[in-house]
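For reference, the structure is listed below as structure tokens.
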Amino acid sequence: MGSYDFPAGHAYKIWGDGTYLYSADNNGGLHAYTFDGTTFTLLDTYPTAAGFFNYDVGIDGTYIYNAAGVNGVDALTFDGTTFTHVANIDFGPHNVVGLEVEGNYIYAVSSHASGFNQGIHALTFDGTSFTEVDHITSNSYNAVDIFVDGNYIFMANYQFQIRAFTFDGSSFVEVATIGSPNFVGTVWGDGTYVYGGLAGSGIRAHSGFECLSYNSEMRLTKDGTLGINKPTPQAKIHSANRIRSDEGIMIGNDTNCSTGTDIGVMRYTGTPAEPFEVCDGTAWQGLSTYTAATSSVDTVNCSPISFELLDVADVALNTAIETNRILIGGLERPCDLSVASDSSSITINKNGVDETGTIVSVDNGDVVYLKIRSANAEITETNTYISLGDKTDQVTIETECTGTLTEEDTLTTTELNDVVSIIIDGDYAYVATIGYDGLVSVDISDPTNMSQTDSVTNGSDILNPGKMDIQGEIVYIAVYGSSRITSVDISDPTNLTILDSTSATNISNPGAVAIKGNYAFLANSDGIISIDISDPSNMTEADYLSSTDMDGGADIKIIGDHAFVVAYTDRTLTSIDISDPTNMSQTDSTTSPSSSLTAVNDMEVKGNYIFATSNLTDSVAVFDVSDPTNLTEIENYVIPSASDSGAIALLGNYVYVGDSNGGGGLAKVDISDPTNLSEKAYTTSTNINNPVAIAVKGEYVFVGATADDSITSFKIKCQ
């Protein structure tokens with residue numbers, strides 16, 4: 001019907017009050033305009049000076065509030081011609097990127113100037129100045145958007161979360177968090193579901209917060225039913241409390257009496273003998289002879305909204321763990337919540353009070369979480385089940401302890417000739433081998449009795465393979481020997497299939513590959529290459545970045561928008577900005593002051609730390625990469641029992657490092673304090689001579705040895 005092109009070109013948010021439309025246009029200003037059905041007319045812009053930002057806008061009927069980035073929140077008025085600035089509140093270096101106005105409060109969401117660790121501010125405005133009532137942080141994640149539905153405040157955390165809060169006028173209370181498989185850039189709800197907009201992954205819908213309120217809520221659904229303090233009305237008018245009328249209540253002559261939902265319905269017949277009758281679920285009964293039905297009453301309307309318990313990993317032995325909170329909703333009457341667990345110690349907490357027993361009566365609005373004690377013996381999984389009505393969910397607590405590594409099984413086959421890399425997906429390990437020039441699938445569902453299920457090779461497609469990565473049901477292999485990348489379909493582990501093998505122009509002896517989104521990134525012999533894998537059967541080169549700092553790329557890992565490459569020849573760790581995979585740029589490169597990167601060939605990532613191993617220094621070097629423009633080595637730990645640190649794998653607070661000098665060894669190193677590593681266990685075996693590949697799953701470590709043409713499983717046991 002019409003359009004308006006802003007000079008700055010960034011219309012982030014738009015809002016209206018019925019007369020005027022207001023658009024936040026980044027550094028282009030906050031615009032006010034009218035629309036007559038055909039044409040937009042710009043009335044005024046605030047501010048006109050450079051240096052201000054306009055990310056979001058909200059209205060309370062009197063004032064317009066502007067999310068002004070590093071300038072905080074502005075309050076303005078608009079008289080139809082001109083904006084007038086009334087007040088401002090500034091949150092220091094934090095970027096205010098979104099806001100919502102609800103009732104008497106303005107909710108502003110902010111991020112730190114560097115992008116992290118801020119959250120939501122609750123503000124009031126008295127016409128002269130702002131007052132901050134409360135503030136809750138975003139748990140070190142990037143808070144980028146906010147949605148308020150009158151009962152809950154939802155925060156989009158860019159790093160894989162949507163968080164839900166209540167606000168009682170004085171303080172925020174977090175009631176739930178749900179994870180996401182990708183970055184959450186925006187959040188919104190429609191009264192039935194909460195939606196998260198994901199970077200590169202579309203939209204996800206979440207249930208569990210259907211705008212439930214049990215104090216003062218009226219809900220008219222799309223099918224014409226009205227709920228009063230009932231978010232899911234089961235009748236044309238459905239109230240959670242008593243109905244009062246000053247002029248009486250009229251009862252009609254209902255005819256529906258055939259299901260459990262009709263139990264208790266009363267009707268007026270007008271007959272002298274029985275003017276009023278009650279439905280028992282199957283037939284109408286007069287009040288004088290009414291007998292309550294006993295069948296189906298206990299199960300009627302005891303179906304809650306969906307809920308989810310989140311698994312907990314890397315828990316110390318004999319430790320009390322609290323699950324995430326569950327908000328009870330969707331019930332038509334109180335129902336029994338029951339819990340069963342492998343653990344001998346479990347407590348149900350309802351509304352902040354520990355209950356006795358494993359069965360607790362709950363109703364809408366109750367907040368429940370579980371207190372579970374982790375295992376106190378050998379590493380194991382503790383499974384706990386929570387049931388309410390027709391819904392059941394499970395939380396698994398994985399525990400780990402320091403202690404011994406016990407050899408369980410060794411698998412040796414012709415195809416496992418000269419193992420170079422292992423990656424695990426579910427019950428299968430996928431092993432790349434140099435001697436076979438192929439990929440082998442191994443069933444590890446029983447780590448004490450492993451078996452080969454299939455293998456695939458095809459000339460130069462997997463000639464002298466390097467390290468691998470996996471996305472979905474596709475394994476991507478950096479092929480060193482023939483300078484290419486190969487994709488293999490592993491959807492059927494008994495029938496591995498090569499999809500594509502491309503030797504793009506600039507690929508040269510890649511040592512490793514890492515996947516992010518629709519791109520694979522190769523650690524090349526002289527830099528880094530991005531490969532478009534949106535079609536795994538037709539991969540194409542997207543960009544090539546050559547660097548003298550990356551000669552002999554041995555391994556590559558990705559953290560956020562940066563790739564990190566360790567180079568065997570240059571003895572360096574290099575960071576590369578891959579936010580645009582078609583236009584990569586180097587941000588920093590460092591050599592180790594302790595020479596820990598001499599002959600470096602493998603690394604692992606935990607948080608903002610990289611742990612790299614060196615063949616010649618027998619050590620694990622730790623680098624702080626929180627600032628990709630300033631890489632810093634903070635520790636170089638020489639493993640006491642090892643004499644040649646090679647392959648490395650991460651599980652919780654531990655790394656497992658292969659030792660190939662003089663035979664075969666496996667070290668377990670505690671990295672819980674990245675500045676103070678310590679060896680916790682070490683074992684040797686004649687079956688892991690030259691252990692160049694390590695992968696970890698649950699309580700097992702799988703080691704591939706080039707000299708033994710095998711993979712060996714070790715169980716992690718407690719002392």
Side-chain angles (χ1 to χ4, degrees), residues 10-15 24 55-58 67 95-102 107-112 115-122 136-167 172-213 231 304-311 323-330 367 391 393 395 471-472 515-518 558-561 579:
H10 295 286
Y12 278 133
K13 294 291 178 71
I14 191 166
W15 202 257
Y55 291 114
D56 203 352
V57 60
N95 270 312
V96 179
V97 294
L99 61 79
E100 286 263 356
V101 179
E102 181 74 24
Y107 300 96
V109 62
S110 68
S111 296
H112 190 274
F116 294 91
N117 199 22
Q118 266 302 296
I120 303 175
H121 308 263
I136 189 163
T137 68
S138 57
N139 280 355
S140 298
Y141 291 120
N142 197 353
V144 293
D145 198 16
I146 184 173
F147 170 69
V148 183
D149 68 5
N151 303 298
Y152 300 99
I153 300 102
F154 300 91
M155 175 199 296
N157 273 1
Y158 195 61
Q159 269 73 5
F160 310 105
Q161 286 185 339
I162 296 176
R163 300 171 66 201
F165 307 86
T166 58
F167 182 70
F172 288 101
V173 175
E174 182 172 3
V175 293
T177 298
I178 188 164
S180 170
N182 209 331
F183 300 111
V184 184
T186 187
V187 61
W188 186 76
D190 62 2
T192 300
Y193 301 101
V194 175
Y195 303 91
L198 310 185
S201 301
I203 300 173
R204 294 192 94 197
H206 305 281
S207 62
F209 285 86
E210 287 80 355
C211 300
L212 305 179
S213 175
I305 57 178
S306 297
F307 53 82
E308 180 182 15
L309 292 171
L310 303 180
D311 293 342
T323 68
N324 57 300
R325 270 64 168 171
I326 296 174
L327 177 67
I328 306 300
V367 176
K391 303 291 193 304
D393 199 29
V395 58
Q471 185 181 70
I515 308 297
K516 182 183 179 185
N518 288 326
I558 295 175
I559 307 175
D561 285 334
S579 55

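In what follows, every heavy atom counts, from backbone to side chain, and hydrogens, waters and symmetry copies are set aside.
In this structure a side-chain-to-backbone donor-acceptor pair under 3.5 Å is present from K516 to G560.
With sequence neighbours excluded, the residues satisfying ring-ring contact (aromatic ring centres under 6.0 Å, His included) with F167 are Y105, Y107, F172. Residues forming a side chain to side chain contact (heavy atoms under 4.5 Å, CB included) with T186 (at least two apart in sequence, or on another chain): D145. For D393, there are no side-chain hydrogen bond (donor to acceptor under 3.5 Å, both in side chains) partners two or more places apart in sequence or in a different chain.
K391 approaches S306 most closely through the heavy-atom pair CE-OG, 3.8 Å. S110 and H121 get closest at one heavy-atom pair: OG-NE2, 2.9 Å. Closest approach of V57 to L99, counting heavy atoms only: C-CD1, 3.9 Å. Between L327 and I305, the closest heavy-atom pair is O-CD1, 4.1 Å. Taking every heavy atom of both residues into account, A67 and V97 meet most closely at CB-C, 4.3 Å. Contact between V96 and A108 at its shortest, heavy atoms only, is CG1-CB, 4.0 Å.
To the nearest 0.5 Å, atom CG of residue N324 and atom CZ of residue F307 are 11.0 Å apart. The CD1 atom of I203 lies 10.0 Å from the CH2 atom of W188; values are rounded to the nearest 0.5 Å. The CG atom of L310 sits 5.0 Å away from the CD atom of E308 when rounded to the nearest 0.5 Å. Distance check, rounded to the nearest 0.5 Å: CZ of F147 to CD of E102 gives 8.5 Å. A distance of 9.5 Å separates CD in E100 from CG in D149, rounded to the nearest 0.5 Å. Here the CD1-CD1 distance, from I136 to I120, works out to 7.5 Å after rounding to the nearest 0.5 Å.
With contacts defined as side-chain heavy-atom distances shorter than 4.5 Å, the pair Y152/T166 qualifies.
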